[in-house]
Amino acid sequence: MKSFKDKVLEAADFVHSRIETTPGIGLLLGTGLGRAAESLQNLKAVSYSEIPNFPVSTAPGHHGRLLCGEINGKRVLAMQGRFHYYEGYSMKEVTIPIRVMQVLGIKTFILTNAAGGINPLFNTGDIMLIVDHINLTGDNPLIGPNIDEWGPRFPDMSRVYDRNLMALAKEAALRESVRLQEGVYVGLAGPSLETPAEIRFLRTIGADAVGLSTVAEIIAAAHAGMAILAFSVITNMNLPDNPQPARFEDIIKAAGHTAPRLQAIIERVISSQGPGDRSQETAGSGQSEK
Ligand code: HPA
């Protein structure tokens, strides 16, 4: 049987042969947000189903393609649709695309997701800059033998989200006149959504938004030493004293409605990246400073 590393290397080789370039920035677009990548210039698309060893998205609202193209001359590799633990993939399998990005030399990673708001000051349609996260999935993609070339056994997690990129995102939001909330994302396994008692608990432990993705990919990207920027689109509010059923169609609709504003912020951040396409000062600092 092929090792995890061999599977990733084979997938990366295939992707490289198809895109024929070396993008500096990786973008992962979540539920209802995938269209944002279709405005890339000089676009090349590779279906996940063509890539050896790549999982296939089964979740609704996810397209299942890698798109490679440019935003203002900055080369980007975008995942249009992600894999979730609740689909039955292992945490490691969920991170295969992140490892492919790492092998391709990507040093900056930007992620978006759809999430339920827990902070009562948020509203449906808000964009939240993820400043930290809580992994409450009960699992971790780094369990098992460590691949030392890819990162340390015990990666530091004290500064996962890159301060330079966050500052650029805040400036971009100001310029776009978009109110950018900030907060802590808690990732659960799902797929059942949260009970009011669980929401009360999540708020108590410091979460501002809840979702069923993201933590696996972020842990892998942090292990890889990437400079990370992440956003949640608040697609519904979870208020334990006034619980409202969360309908999937409404979540998709809310994400789609907010997508253009988030796209504008991300495009500005990417456009302001240096020629090396990375946040030079802090990329990988989580590992090297310790
Ligand atoms: N809970 C979990 N995941 C979600 C939610 C939610 O309320 N909204 C969007 N993704």
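From a predicted model like this one, the values you see are computed outputs, not experimental measurements. Numbering of ligands and ligand atoms starts at 1, following listing order.
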Can you report which non-hydrogen protein atom sits closest to [atom], along with the distance?
| atom | value |
| --- | --- |
| atom 10 (N) of ligand 1 | A114 O, 3.4 Å |
| atom 3 (N) of ligand 1 | G211 CA, 3.5 Å |
| atom 5 (C) of ligand 1 | G116 N, 3.4 Å |

N113 and ligand 1 - part of the residue with a heavy-atom distance under 4.0 Å: neither

Counting heavy atoms only, which part of L188 comes closer than 4.0 Å to ligand 1: side chain, backbone, both or neither? neither

Ignoring hydrogens and angles, state whether a donor on the side chain of N236 or T124 is under 3.5 Å from an acceptor on the partner side chain. no

Judged by modelled atom types alone, do T137 and D139 share a side-chain donor-acceptor pair under 3.5 Å? no

Would you mind running through ligand 1 and noting each atom that sits below 4.0 Å from a heavy atom of [X]?
| X | value |
| --- | --- |
| N238 | 6 (C), 7 (O) |
| L193 | 1 (N), 2 (C) |
| N236 | 5 (C), 6 (C), 7 (O), 8 (N), 9 (C) |
| E194 | 1 (N), 2 (C), 6 (C), 7 (O) |

Any donor-acceptor pair under 3.5 Å from H223 side chain to P152 backbone: yes

Could you tell me whether the side chain of T112 and the main chain of G30 form a donor-acceptor pair under 3.5 Å? yes

Are any non-hydrogen side-chain atoms of E50 and R18 less than 4.5 angstrom apart? yes

For K5, is the NZ atom crowded, meaning more than 12 foreign heavy atoms sit under 6.0 Å from it? no

Among D250, T235, V210, V233, whose heavy atom sits nearest atom 4 (C) of ligand 1? V210

Name the one of T108, L129, I228 that satisfies side-chain contact (heavy atoms from CB on, under 4.5 Å) with L165? T108

